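The shown structure was predicted, so the numbers you read here are calculated from the model rather than taken from an experiment. Both ligands and their constituent atoms are indexed starting at 1 by order of listing.
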Amino acid sequence: MSTRIARTTLTALALACIATLGHAQQGKLKVGLMLPFSGTYAALGVAIENGFKLRIEEQGGKLGGREIEFVKVDDESDPAKATDNVNKLIKRDNVDVIIGTVHSGVAMAMAKAAKESGTVLIVPNAGADAVTGPMCAQNIFRSSFSNWQPAYAMGEVAGKDGKKKAMTITWKYAAGDESVAGFKEGFEKAGGKVEKQLTVPFPNVEFQALLTEIAAAKPDVVYAFFAGGGAVKFVKDYAAAGLNKTIPLVGPGFLTDGTLEAQGAAAQGMQTTLHYADGLNTPRDTAFRTAYAKSFKLQPDVYAVQGYDAAQMLAVGLSAVKGDISKKAEFASAIEKAKIDSPRGAFTMNKAHNPVQDIYLRKVEGNENKVVNIAVKNLADPARGCKL
Ligand code: BEZ
């Protein structure tokens, strides 16, 4: 071996040792998992955690070279407790990164705390438009959707389908309000008119009076935003009132995702729009579904995909900074440039760190939200108010 080659080899070896030592010295990455594990969104929180942990398991128990330690909080989908909960993770537990949450109202409190403290936040569900709008920040990312995205797509689909008069019904909080606004925008652009907007307080599931109002008004279509336990109850009540025979019920895919076994016959034939669907039949999705079913003895839903992709995004950022999450600009830049190889189909980020993704039209067949077609290709949230 010449002296030059020997020296180069030694240098490479030394660098590798330093890198390994660096990771070892960094210790475990502390991840705060702030999700609902009780209440109407409990199943969504569990699916997100499962998806996140599946990706870590696939990476040999590490992300970006770092082992992971979890601090878990049940946020109960309660905005009134959100600031305290997130501040405990940031200030008491000193987490390196926060993954959460499902409920838009809770997510907005989390985004505020993350922005103020600089802690990395990856939102694996909550669609609050503001999180990747006026509240956008270098350290805040979303692996899911904005409330506007699937809603706008459903509005376009219903309008192009020739529906003229719509009624909407939702829980009265940010997600419902924004979902209805997105639907209205797409629907009215396509020639329809939203004639009446009905609401119930979150997480109330007393729908009878409003169903009577819908029956009397006889719109061409009803658009509803509910998810989890509330979606099960609403779809069943709608069918029990006989409305599914005369007025098509549509919505963003949360209305029928992870809920079909419980909804049974009441959901059959329903059309929804979402960034995930059953029957995509791509090698990436099939591998994910097989691994998820093996680990959890369950079929994955959109929430599991979003949790899985939150881990993929975190891994991209961590790899770029060799596990040193304090390098915020490099961490963000790596995710901004990445193409995330998601089971839903590959996606990129818009300037506000929200996925630019295909929105599928799906139809319920048995226990599946079967893909019909791509309703809107590469749909980017407009990121209104984001100054990044
Ligand atoms: C939200 O609050 O943003 C939300 C909750 C459940 C499903 C989808 C969105």
Side-chain angles (χ1 to χ4, degrees), residues 34-49 51 74-82 86 99-111 121-133 135 140-154 168-183 199-205 223-235 250-260 263 272-276 300-307 309-310 344 354-355 357 359 362 369 381:
M34 184 163 155
L35 291 167
F37 295 110
S38 55
T40 198
Y41 288 160
L44 288 59
V46 171
I48 289 168
E49 180 181 3
D74 176 5
D75 68 36
E76 303 167 51
S77 294
D78 186 349
K81 298 182 182 159
V86 72
I99 306 296
T101 189
V102 168
H103 184 288
S104 274
V106 177
M108 284 193 280
M110 295 173 74
L121 168 67
I122 305 180
V123 180
N125 183 71
D129 291 342
V131 167
T132 51
M135 301 179 88
I140 299 177
F141 306 84
R142 186 148 52 196
S143 64
S144 52
F145 60 94
S146 71
N147 288 321
W148 179 87
Q149 282 177 305
Y152 176 84
M154 191 71 239
T168 63
I169 178 163
T170 178
W171 275 316
K172 180 80 194 134
Y173 80 102
D177 292 345
E178 292 171 357
S179 189
V180 164
F183 173 79
T199 58
V200 281
F202 176 86
N204 196 326
V205 288
Y223 176 85
F225 170 89
F226 295 104
V232 171
K233 174 84 168 35
F234 181 74
V235 168
V250 300
F254 317 112
L255 201 53
T256 56
D257 230 82
T259 52
L260 288 175
Q263 287 165 333
T272 59
T273 44
L274 202 62
H275 47 286
Y276 190 55
D301 54 21
V302 69
Y303 309 106
V305 171
Q306 295 167 170
D309 289 339
R344 76 186 84 171
N354 188 69
Q357 55 196 338
I359 305 293
R362 311 112 48 89
N369 286 290
D381 180 86

- Go through Asp74 and Met34 one step at a time and tell me if the side-chain contact (heavy atoms from CB on, under 4.5 Å) criterion holds. CA-CA 6 Å; Asp74 176 5; Met34 184 163 155; over 6 Å; no
- Worked verdict on Ile169 versus Phe226 for side-chain contact (heavy atoms from CB on, under 4.5 Å): CA-CA 9 Å; Ile169 178 163; Phe226 295 104; 4.0 Å; yes
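- A salt bridge does not link Lys81 to Asp75: none of the charged side-chain nitrogens sits closer than 4.0 Å to a carboxylate oxygen.
- Within 4.0 Å of ligand 1, the residues that place a heavy atom are Tyr41, Leu44, Val102, His103, Ser104, Asn125, Ala126, Gly127, Phe145, Asn147, Tyr173, Ala175, Phe225, Ala227, Phe254, listed by chain and number.
- A tilted orientation is assigned to the rings of Tyr173 and Trp171, their planes being inclined by 30° to 60°.
- No side-chain donor from either of Glu76 and His103 sits under 3.5 Å from a side-chain acceptor of the other.
- Side-chain N/O atoms of Asn125 and Ser144 include no donor and acceptor closer than 3.5 Å.
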